Q: 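Here it is: the structure, laid out below.
If you're wondering where the values come from, they're calculated on a predicted model, not measured in any experiment. Naming convention: chains lettered A, B, ... in sequence-line order (proteins, then strands); numbering from 1 in each chain.
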Amino acid sequence: MPLLETQKMTKDFYKLRAVSQLDFQVERGEIVAVIGPNGSGKSTFFNCVTHIYPATAGRVYYQERDITGLPTDKIIRLGVGRTFQLIQLFLEMTVFENMLLSVQEHRGTLLSRLFTKDDSGDVERAHEILEFLYISHLKDELASNLSYGQQKLLDFGMVLMPRPELVLLDEPTSGVEMEMRGRIMDYIRELNKQGQTFVVIEHNMDVVMNLCERIIVLDYGEKIAEGRPEEIQTNQRVIDAYFGVEE
Amino acid sequence: MIRWLFWGIIVAILCVLPRFLGDYTLYVVSLTYVYVTVAIGLNLTLGYANQVSLCHASFFGIGAYTMGLLLAQGWSFWLILPLSGIFAGLFGAVIGFPALKWKDHYLALITIAINIITFFVMMQESWLTGGPTGVSGITRPSIGSLSFTSDINYYYLLLVLFILAILASIWIVNSKWGRAFRAIGLNELAARGHGISSFNYKLLAFAVGAFFAGVGGGLFAPLLRYISPDAFTFFISLEFLIMIVIGGMGRIEGPIIGAIIVVMGPEVLRMAEAAYLIVYSLILILVMLFMRGGLVIVLDRLREAIPARIGSRR
Ligand SMILES: Nc1ncnc2c1ncn2[C@@H]1O[C@H](COP(=O)(O)OP(=O)(O)OP(=O)(O)O)[C@@H](O)[C@H]1O
Ligand SMILES: [Mg+2]
């Protein structure tokens, strides 16, 4: 069984069908890209998988388990990490608090969280990740004081904190400068070697072609193509979707 | 170090304070301790978790009635006091359910309605609550030969519990609970996205906030020796709200400063009831306009200024 599978997932916003009958599978250890023109339903797909809002129809399986309809926080605690297209941080908290918040619910019981201090391993890991992302000098700054690029990196770092088995990244490199973009890609590859699985929504074709083994293309909420990067590049339907069909 | 010294001095002052106070002033200070305890609760619910509660007087009342009624059944004060908190806390958890769906002004309206309902229950269900006349003849506790019956001794009991309540709130705020409260208060989507259960923490924020209010109520009943529904109206909830807004929401010192001003203000100014409501409203508007963080900001400025001055002298 795949690590993540959706069957006939559909999401309607009133009369607009944002995701349509989507069958999608990710195997353990893959790096998959989801691409498609603006408004093709990529982010909505992530949001339905993690139940930010309920899908209109269809089912989601993670680790052989039907997670359709589970609350978001529970899905996350099962080992799914995700970022949002619009960065979601706790702006009035420090960078370090943000990092610790992203992992605290993955350990212990609700009651134990009143009495236990932060896990020393987590604290160390938070330092390491911030170090890697070149923002460790900002750890006591409020997240709101960070530049857009730095916030983006923090967001990325937070998702990695609990070592999720499946990581869903919504445009991880947009707004990040070139050098850091390369670094993030290297990091994803490295974590992938260590066993983490990635699904990445990405507009930057360099990133997609370099990073991903398999690409899924959405258009108007439908999967119009799926395959290896070189196959997708030459796929006529994909080209039509991106550049429009000449009539 | 200097901080501990500072707090040590404050506590020492509070310990010797009764010597310098008349009966009535002693009562007002005692009452302030009680209100601070309740306001601390509201500060956890609203100040940290950003869940609007305009029914903290209900939680306060549940604690007070629990104390009054169970004392009359011959139960021990020391057993009832935690029960006052627990009953109010359980009720708070139930009241938290609407917060799962609604926020801000919707939640404000819902909790106002709840306060009005509990007030009517206190008024109408005379078989339980004594109706409009309430519960009287409430006794004060003792431990062995140490009796807290006198005003001064009860003052010391309140002082101890007041300090415990502050320490407990500091503990909670610095715990992972406190961090999760702030997280759901600041950005619920991000919180969910990092595995933080808004279900758990919203209900918990109500339960914990109500627990403090309930304990406050349990201390309030023996202080007055008499309780009736009008001590637990929606307007009292509004006073708690004013306390934490004036003092500083989401700050440990906030409810302390706020309660001091709201409880002691009228006594110091010696004004008619209507007049001090006007004064509060003015202070409230001024704070909202010019000092969003509450009066605790003034303390912050002092704290920044004093070490700087000591530093510059060196
Ligand atoms: N919460 C919402 N309510 C109503 N319509 C929505 C909502 N979210 C998305 N949509 C609509 O659903 C469609 C798919 O949007 P979605 O954000 O999933 O696209 P996307 O592929 O992520 O696009 P982009 O590349 O611009 O991020 C769009 O037409 C969008 O306007
Ligand atoms: Mg998108």
Q: What part of B/Phe199 gets within 4.5 angstrom of chain A, counting heavy atoms only: side chain, backbone, both, or neither?
A: neither
Q: Pair A/Ile76, B/Arg192 - check side-chain contact (heavy atoms from CB on, under 4.5 Å), show working.
A: CA-CA 8 Å; A/Ile76 301 296; B/Arg192 288 163 68 201; over 6 Å; no
Q: Is A/Leu114 close to B/Ile172 at the side-chain level, that is, under 4.5 Å between some pair of heavy atoms?
A: yes
Q: Evaluate whether atom CZ of A/Arg163 has more than 12 neighbouring non-hydrogen atoms of other residues, nucleotides or ligands under 6.0 angstrom away.
A: no
Q: Go through A/Leu91, A/Asp155, A/Thr116, A/Val103 and name the one with the most non-hydrogen pairs under 4.5 angstrom from chain B.
A: A/Thr116
Q: Considering residues, nucleotides and ligands other than B/Trp78, do more than 12 of their heavy atoms fall under 6.0 Å from its CH2?
A: yes
Q: Count the heavy atoms of every other residue, nucleotide or ligand shown that sit under 6.0 Å from NZ of A/Lys74, and state whether that count exceeds 12.
A: no
Q: Counting heavy-atom pairs under 4.5 Å to chain A, which of B/Ala183, B/Gly178, B/Gly185 comes out on top?
A: B/Ala183
Q: Can you name the nearest heavy-atom pair linking B/Gly195 to A/Glu105, along with the distance?
A: O-CB, 3.3 Å
Q: Is the backbone N or O of B/Lys176 less than 3.5 Å from a side-chain atom of A/Gln104, with the two atoms forming a donor-acceptor pair by type?
A: yes
Q: Measure A/Asp118 against the heavy atoms of chain B and call it side chain, backbone, both or neither at under 4.5 Å.
A: both
Q: Show, in sequence, the C-alpha distance, side-chain angles and deciding distance for B/Leu204 and A/Leu110, and conclude whether the side-chain contact (heavy atoms from CB on, under 4.5 Å) test is met.
A: CA-CA 10 Å; B/Leu204 204 54; A/Leu110 184 59; 4.1 Å; yes
Q: Give a yes or no on this: more than 12 heavy atoms of other residues, nucleotides or ligands lie within 6.0 Å of atom CD of A/Glu141.
A: yes
Q: Where is the tightest heavy-atom contact between B/Asn187 and A/Phe90, given as atom of each residue plus distance?
A: O-CE2, 3.5 Å
Q: Are A/Glu97 and B/Arg182 close enough, and set up right, to give a salt bridge (Lys or Arg N to Asp or Glu O under 4.0 Å), and what steps lead you there?
A: CA-CA 11 Å; A/Glu97 282 179 304; B/Arg182 282 192 294 147; 2.5 Å; yes
Q: Flag the pair A/Arg113 / B/Arg179 as yes when at least one side-chain heavy-atom distance between them is below 4.5 Å, and no otherwise.
A: no
Q: Side-chain contact, heavy-atom cut-off 4.5 Å: A/Leu101 with B/Ile196?
A: yes
Q: Less than 4.5 Å to any heavy atom of chain B: does that hold for the side chain of A/Ile52, its backbone, both, or neither?
A: both
Q: Would you confirm whether B/Trp177, through its side chain, and A/Phe115, through its main-chain N or O, come within 3.5 Å as a donor-acceptor pair?
A: no
Q: Quick one: what part of A/Ser112 sits under 4.5 Å from any heavy atom of chain B, side chain, backbone, both or neither?
A: neither
Q: Please say whether more than 12 non-hydrogen atoms of neighbouring residues, nucleotides or ligands are located less than 6.0 Å from CZ in A/Phe13.
A: yes
Q: Please rank A/Ile87, A/Val80, A/Thr83, A/Leu89 by heavy-atom pairs under 4.5 Å with chain B and give me the top one.
A: A/Leu89
Q: Can you list the residues that meet the ring-ring contact (aromatic ring centres under 6.0 Å, His included) rule with B/Phe162, with sequence neighbours excluded?
A: B/Tyr33
Q: For the pair B/His194 and A/Gln88, evaluate side-chain contact (heavy atoms from CB on, under 4.5 Å) and give the outcome as yes or no after the intermediate values.
A: CA-CA 10 Å; B/His194 289 108; A/Gln88 298 294 333; over 6 Å; no
Q: Between A/Leu78 and chain B, which part of the residue has a heavy atom less than 4.5 Å away: side chain, backbone, both or neither?
A: neither
Q: Hey, are the side chains of A/Asp73 and B/Asn200 touching, using non-hydrogen atoms and a 4.5 Å cut-off?
A: no
Q: Which answer fits A/Thr50, side chain, backbone, both or neither, if we ask what part of it has an atom under 4.5 Å from a heavy atom of chain B?
A: neither
